[in-house]
Amino acid sequence: MIRKFFHLAVVVTLGISIGLAQQPASQETPSVERLRAHITYLASDKLEGRRTGSAGANLAAEYIAREFARYGLRRSIGYDTQGMSILEADSPHRYMQEFPYVAGVQLGPNNSMLFSSEPAKSPQTETSTSMPNTRVPSLDLRLAEDWMPLGFSSTANLAEMPATFAGFGITAGDLKYDDYADANATGKIAIALSGTPDGDNPHGRFVRYEDPRWKAIAAREHGARALVIVARQENFKDDRLARLRYDNTAGEVGIPVVAISRQVAAKLLGLESTAVLGRLEMEVSAWVLGGGPAANCKEPCGVTRNFKLAIGGKLSIMTEIARHQAPAYNVAAILDGSDPVLKNETIVIGAHYDHLGRGGEGSLAPREGEIHHGADDNASGVAGMLELARIFSSQHPRPKRTLVFIAFSGEEEGLLGSSFYVNHPILPLARTVAMVNMDMIGRLKNNNLIVGGVGTAQEWRSAIEAGNLMQGVTITAGTPSRETTDSRRGSQGGVPLVVSANGRTIVSSDATKNFVLTLNEDGYGPSDHSQFYAKQVPVLFFWTGTHDDYHKPTDTADKINYEGEAQILKFVEHIIQGADQSDKRPTFAVAKSESTGRAMDFRVYLGTIPNYADSNDGLKLDGVRDDSPAAKAGLKAGDRVVKLAGREVKNVYDYTYALGEMKAGQEYEVEIVRGSERLTLKITPAARK
């Protein structure tokens, strides 16, 4: 046992000696106080949560740019790079790469909704409770009080269109459920209830159809000219559908989509009151949850099989949605390498600086309006990136390879900034040897650290293990301390590895300082490194895990473990130094697929990596997993999917909707645009395991 430990100590000491000989001596170490200062500012009330495109986000970008300037980093690139600012030399904007971003939507001048009355028909219902039907007067509906277009609605003008009741407006092939099976919505305006038969049950069968966009796609696929969704809240202004919002992960849906108040809905459906409407909602939900479709349908059917409400009139809908752009920036700076050959290769060190502003989309807070400070997510990663920029820029000699430090925006909106960067890099991606991403590294607890992307380069696992070993190593040089040296434990409380002739410990190892690592192979994941891996760049992703304050206003600077973050940065620094000092670039590898945090619960698997940026002309693929059904079908990164399994695809929502209807082992056609060509390929989904 003693002999084995002696051999281990020799091997470890030799490894440390070789590693130290290869790496430049750093004059700086991660500063707890600098980390605190960065995070305190970025997560302050002044920046109002740093929502992409907001004034607070722009203040954060300027702060990061000024820090880059303080460290003497070169501005990003020449004037021919798309999005880079051409401003005066002392402006912080010289570090900024602008990318297109829709900050929000507003109502145009042409929005109106009119119901023209016709003699009402008696309702046909097979339920135990009859739904009284009343004659409906013509209604000129009041915008924002009776109705409101949704942010993803298309602009259109529909005059005197017939309407049909479409239940919950859900089509779910895997559940043998289709509200349109008996609705005959072709050429009509569909009227659907909010939510799903599951109500508020987060584990219900229909939970993934809760989003109104899925209802809109179902309506469009069944030939409806528009969709009207009934609000849930009795006071229309309190309903979430009454607030005009925009989702940058997808553009408009292709048909007008509006919400109406419950009072108006009751009149349109010929019901006496909102109380009767509420009773209808309960009865149709009970029918579905009580086995209605399974008991009564040989083919997929839904609510409209048993609940047929005649609408005695026609609807005229005019919608106009104005989408306005706002400045959004990546902030990037360059530290030129010192080696005459290796300086032509690049290591990217990144973190996203945007967050959720005052809540809304993406927030887990119970109400909107409060500042979501985003101290851990991701002021902590930005602060870490700035500290590494300061440390590496102070080293003599400088790193051999060129380092590019990037603070991305638009991450919370769907990796928008990093997606733009990899398609408009300031230095060639072909010469980018690695990308290191830090997202939420401020809540270290019990030394638990998660590292993703370990399988994207053959060298990563050994580099991570060596870097973790270095965490617990203390090297004592120069005059001995006055502190008493314990010959059994070392002067720093660790196991002695190298002892001088006078008995003083020179190198010791303290395993309590090492991280408890969780290693994830996959290069795809819910952060910016995914975009680089899709371009075949080896990546590493560092984070300390989620917590109760995630995406809530309570993610504040006082809850950050600053000492723990400094330890993580020391670890990351070792790994970057190892990659930089090696004459051989990391060897890219296709990693084992693991959960990305974005996947929905589909039955089938294609192996495509969607681009989450706004789109109305098909879904662009950022990548295709090797040996996947998509790869076997001939799909490639850069392809734009415009039709899948017979369904039109405009964006990621359309794509996932079609995916949810597909069956494993069955061949489908997929239409793509590749360059100037439109191709039709055959794809056979695999069963998701």
Side-chain angles (χ1 to χ4, degrees), residues 124-128 164-186 188 190-224 227 229-230 253 255 280-309 599-606 629 643-649 653-670 683-689:
Q124 300 175 30
T125 177
E126 297 175 17
T127 63
S128 58
T164 186
F165 177 61
F168 286 101
I170 294 173
T171 296
D174 56 331
L175 300 176
K176 294 185 178 181
Y177 183 93
D178 186 1
D179 278 328
Y180 287 92
D182 296 277
N184 187 22
T186 302
K188 299 179 183 179
I191 300 177
L193 303 172
S194 288
T196 75
D198 296 316
D200 295 326
N201 180 7
H203 306 293
R205 290 181 295 158
F206 298 93
V207 66
R208 74 181 181 91
Y209 298 96
E210 167 76 20
D211 192 317
R213 187 174 283 271
W214 304 126
K215 297 176 185 286
I217 294 171
R220 189 191 71 204
E221 292 294 323
H222 285 86
L227 174 66
I229 304 178
V230 179
V253 76
I255 59 173
L280 169 68
E281 290 170 326
M282 288 188 291
E283 288 192 10
V284 296
S285 293
W287 180 79
V288 175
L289 299 179
N296 296 283
C297 304
K298 294 181 180 179
E299 299 295 332
C301 77
V303 165
T304 52
R305 169 62 59 90
N306 276 23
F307 297 83
K308 301 181 184 298
L309 302 178
M600 297 179 71
D601 186 20
F602 295 122
R603 297 169 299 161
V604 300
Y605 165 76
L606 298 185
K643 202 167 187 180
L644 178 63
R647 299 186 182 278
E648 183 182 8
V649 174
Y653 283 91
D654 292 335
Y655 180 80
T656 51
Y657 182 88
L659 188 63
E661 297 297 299
M662 298 172 77
K663 298 179 180 179
Q666 181 174 323
E667 185 180 78
Y668 297 89
E669 287 189 346
V670 53
I683 190 167
T684 303
R688 184 173 291 279
K689 299 177 180 179

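FYI, side chains are in, hydrogens and waters are out, and symmetry mates aren't considered; it's all heavy atoms of this structure.
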Would you say T304's side chain and D179's backbone share a donor-acceptor pair under 3.5 angstrom?
yes
Checking P629 now: which residues fulfil side-chain contact (heavy atoms from CB on, under 4.5 Å) with it, not counting sequence neighbours?
Y605, I683, A686
If you look at every heavy atom in I255 and A216, which pair is closest and at what distance?
CD1-O, 3.7 Å
Look up atom CG in L193 and atom CD1 in I170, then write down how far apart they are to the nearest 0.5 Å.
9.5 Å
Looking at side-chain heavy atoms only, is the closest gap between E210 and D198 below 4.5 Å?
no
I want to check something: taking the side chain as every heavy atom from C-beta on, are E221 and D654 in contact at a cut-off of under 4.5 Å?
no
Within the distance-only criterion (no hydrogens, no angle test), does the side chain of K215 pair as donor or acceptor with the backbone N or O of G195 below 3.5 angstrom?
yes
Just by modelled atom types, is the V230 backbone N or O under 3.5 Å from a matching donor or acceptor in the S194 side chain?
yes
Nearest heavy atoms of K663 and V604, plus distance in Å
C-CG1, 3.6 Å
Please tell me whether F206 and Y177 form a close aromatic pair, meaning their ring centres lie under 6.0 Å apart.
yes
Using only atom types and a distance under 3.5 Å, with no angle test, would you say the side chain of R220 pairs donor to acceptor with the backbone of V253?
yes
Can you measure from CD1 (I217) to CG (D211) and round to the nearest 0.5 angstrom?
8.5 Å
Are the side chains of V288 and R205 in contact, using a 4.5 Å heavy-atom criterion?
yes
When you measure from the side chain of Y209 to the backbone N and O of G169, does any donor-acceptor pair fall under 3.5 Å?
no
Smallest heavy-atom separation, I229 atom then P212 atom, equals CD1-CB, 3.7 Å
By side-chain contact (heavy atoms from CB on, under 4.5 Å), K643 pairs with (sequence neighbours left out) E671
Those residues that, when tested against T171, pass side-chain contact (heavy atoms from CB on, under 4.5 Å) (two or more places apart):
D178, Y180, A218, H222, Y657, E661
side-chain contact (heavy atoms from CB on, under 4.5 Å) between L309 and L280, intermediate numbers included
CA-CA 11 Å; L309 302 178; L280 169 68; 3.6 Å; yes
Quick check: do P197 and W287 have side-chain heavy atoms less than 4.5 Å from each other?
no
Checking T164 side chain against A183 main chain: does a donor-acceptor pair fall under 3.5 Å?
yes
